[in-house]
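Here's the structure we're looking at; comments come further down.
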Amino acid sequence: QVQLVESGGGLVQAGGSLRLSCAASGRTYSMYAMGWFRQAPGKEREFVAAISWSGGATYYADSVKGRFTISRDNAKTTVYLQMNSLKPEDTAVYYCAVPQSGGNYYLSDEYRYWGQGTQVTVSS
């Protein structure tokens, strides 16, 4: 089992920044990547970003590319999502998750462990 705890959400004005953190515990040796998803009211959960644990390769949704940056601290088994130039359409609950081995980073069904989520609200 892997436990994930997100933090760093909040209310920010459009154009502002937030940094989300996701701390992993438990069987972290089994992790090979971590991803961020988000879900706005009335919408499906969507992929935001992912990072591989070994090589640090990163992947982004087109909607956040150039504005969001995913990074990791292997020693702390923590992943960060730096969000800049935030827009009202970024408002959602943000979740970190760990994929099953060999899973497709972009598909939520491929993720085995999920955090409880943290709310991000961007006002116009």
Side-chain angles (χ1 to χ4, degrees):
Q1 291 284 346
V2 175
Q3 294 78 42
L4 304 171
V5 178
E6 303 99 335
S7 60
L11 173 64
V12 64
Q13 289 188 333
S17 299
L18 282 174
R19 189 195 195 201
L20 305 183
S21 299
C22 177
S25 61
R27 300 180 63 181
T28 57
Y29 60 85
S30 66
M31 292 169 46
Y32 83 107
M34 188 177 287
W36 286 95
F37 285 76
R38 66 187 182 186
Q39 188 168 19
K43 295 187 177 181
E44 293 188 355
R45 190 170 296 186
E46 64 174 357
F47 172 80
V48 174
I51 187 167
S52 67
W53 214 248
S54 58
T58 56
Y59 310 84
Y60 295 96
D62 288 342
S63 59
V64 306
K65 204 170 291 184
R67 300 188 297 122
F68 291 11
T69 302
I70 188 171
S71 60
R72 74 195 194 287
D73 181 333
N74 286 4
K76 297 181 180 179
T77 58
T78 299
V79 169
Y80 306 97
L81 186 67
Q82 177 67 42
M83 306 185 296
N84 299 328
S85 302
L86 282 161
K87 305 174 182 180
E89 51 263 44
D90 293 319
T91 295
V93 177
Y94 283 71
Y95 299 88
C96 66
V98 173
Q100 57 191 4
S101 180
N104 184 319
Y105 291 160
Y106 295 91
L107 302 179
S108 60
D109 288 346
E110 299 290 329
Y111 284 72
R112 183 174 183 182
Y113 302 107
W114 292 84
Q116 82 288 351
T118 185
Q119 176 71 48
V120 171
T121 303
V122 184
S123 63
S124 57

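All figures in this text were calculated on a predicted structure; none of them were measured in a lab.
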Crowding at CZ, R112 (>12 non-hydrogen neighbours, <6.0 Å):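 No, not enclosed.
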
- prompt: Looking at residues at least two apart in the chain, or sitting in another chain, which of them share a ring pair (Phe, Tyr, Trp, His ring centres under 6.0 Å) with Y111?
  reply: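 Ring pair (Phe, Tyr, Trp, His ring centres under 6.0 Å) list for Y111, sorted by chain: F37, W114.
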
Using atom types as modelled and distance alone, determine if a side-chain donor or acceptor of [X] lies under 3.5 Å from a backbone N or O of [Y].
| X | Y | value |
| --- | --- | --- |
| T77 | A24 | yes |
| E6 | T118 | no |
| T91 | V122 | yes |
| S52 | A57 | yes |

Could you tell me whether the side chain of [Y] reaches within less than 4.5 Å of the side chain of [X], counting heavy atoms only?
| X | Y | answer |
| --- | --- | --- |
| L86 | Q13 | no |
| Q39 | S108 | no |
| R38 | E46 | yes |
| T121 | Q119 | yes |

message: Apply side-chain contact (heavy atoms from CB on, under 4.5 Å) to residues L4 and M34 and explain how you reach the verdict.
response: CA-CA 10 Å; L4 304 171; M34 188 177 287; 3.8 Å; yes

Lys/Arg N to Asp/Glu carboxylate O, K87 vs D90, below 4.0 Å: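 The answer is no: the pair does not qualify as a salt bridge.
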
- prompt: If every non-hydrogen atom of S21 is compared with every non-hydrogen atom of W36, which pair is closest and at what distance?
  reply: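 So the two residues come closest at O-CH2, 3.7 Å.
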
task: Can you see which heavy atom on S17 is nearest to which on N84, and at what distance?
output: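 Between these two residues, the closest heavy atoms are OG-OD1, 2.9 Å.
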
query: For W53 and V79, what are the C-alpha separation, side-chain angles and deciding distance, and is it a side-chain contact (heavy atoms from CB on, under 4.5 Å)?
result: CA-CA 10 Å; W53 214 248; V79 169; 3.2 Å; yes

- prompt: Which residue pairs pass the ring-ring contact (aromatic ring centres under 6.0 Å, His included) test with at least one member in residues 58-82, sequence neighbours excluded?
  reply: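 Checked against ring-ring contact (aromatic ring centres under 6.0 Å, His included) - neighbours excluded - the pairs reaching residues 58-82 are Y59-Y105.
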
